[in-house]
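Below you'll find the structure, written out as structure tokens, and then a few comments.
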Amino acid sequence: MPEGHSVHRLARQFADVFGGQELAVTSPQGRFASGAARIDGARLVSSEAHGKQLFLGFGNGLVLRVHLGLYGAWDFGGDGTFRGASSIGAPRRIGEREAYDGAAPAPYGGPPAPTGQVRARLVSGHGWADLRGPTACEVLTPAEASAVRAKLGPDPLRPAGSAWEDGGPEEFVRRLRRRSVILATLLMDQSVVAGVGNIYRAEALFRQGLDPWARGRDLGPGQALDLWEDLAATMADGVRQGRIITTRAADRADSAVPLWPDNAHYVYQRQGRPCRVCATPVAVTELAARKLYWCPGCQGAGPR
DNA sequence: GCCCTATGTTAAA
DNA sequence: TTAACCTAGGGCT
């Protein structure tokens, strides 16, 4: 799945291309037909990401909540105002960059006939957006949307102008340090920190020199805050670049293969290869049905 | 074509 | 802990 940075890019994209406009909302596939009818023709008035969830607010007060899950993605098309990403969501190739596909702006003749399973289609006078394969796509009242957000922890990418108070770094430190659960599990817990996924988990723990099997309560407040700041910085980079690059420039320069994506990560999907810092072979194990990558030299020997 | 994999979450067992 | 959700690409045959 797209981690939080992708959903924040989506929120920005929706505001850029659809903000303030009336949208025709349909469900070509049919599974979202009743929800689509509730917002069809309404004006898009807000677009905000919280962790991995997207909340689109409409002029009639209703909120469209989308969670892309493991496979979901949005495809965009339209006239020249649709600069920006052509597709944002689940990566279709290793290390795929979410970016404008380079096609020259063309006269907009309306959206193409939907192909395959399009759960939701949003159409303005300038372009369209198709949603495929989401885990969640539903229309909520404001109270229902707030109830969903209340279950999420603070988001390192929370927009400065957001009206939603998520507690920020202090709340993250509290939630992390009161648990006896291991860090590897806590970072994937969206009620502890919203938006972190499997790549940022592995890379942040490496960058901070933290043992994935250390417990939340074992961290000092300074260590926990450093972890937050590191996530905030690398995830903000992800928003800017449309891809996850966590290696520091100094650790990329001497790579034998200087071309991204071969040097984008320290440990993620680098099992068996030498650690960029200490040359110990990177290790991998399975934890709660997800792969966990770490360097036994820099971060500790492993499960215990 | 077939099988595996993937930046995720939820519900049932 | 496991299955289900449900999409597309890559490697293989």
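Nothing here was measured: the structure is a model prediction, and the numbers come from that model. So that the names make sense, note that chain A is the first sequence line, chain B the second, and so on, each numbered from 1.
With sequence neighbours excluded, the residues that form a ring pair (Phe, Tyr, Trp, His ring centres under 6.0 Å) with A/F18 are A/F14, A/F82.
Remark: A/R132 is in phosphate contact with C/dA8, judged by side-chain N or O atoms under 4.0 Å from OP1 or OP2. At the phosphate of B/dA6, neither OP1 nor OP2 sits under 4.0 Å from any side-chain N or O atom of A/Y71. Distances shorter than 4.0 Å separate some side-chain N or O of A/R290 from OP1 or OP2 on B/dT7.
If you measure from atom NE2 of A/H67 to atom C1' of B/dT7, you get 11 Å, rounded to the nearest angstrom. Atom pair A/L152:CG and B/dG8:P shows a separation of 14 Å (rounding to whole Å applied). In this structure, CG of A/L68 is placed 14 Å from P of B/dT10, rounded to the nearest angstrom. Atom P of nucleotide B/dG8 and atom NE2 of A/H5 are separated by 10 Å, given to the nearest angstrom.
Judged by distance alone, the side chains of A/N198 and A/Y268 never bring a donor and an acceptor atom under 3.5 Å apart. Donor-acceptor pairing under 3.5 Å is recorded for the side chains of A/D79 and A/H126. Judged by distance alone, the side chains of A/Q53 and A/R65 do bring a donor and an acceptor atom under 3.5 Å apart.
Comparing B/dT7 with C/dT1, their C1' atoms are spaced 23 Å from each other, to the whole Å.
Residue-level contact check: A/Y268 touches the backbone only, with heavy atoms under 4.0 Å from sugar-phosphate atoms and none from bases.
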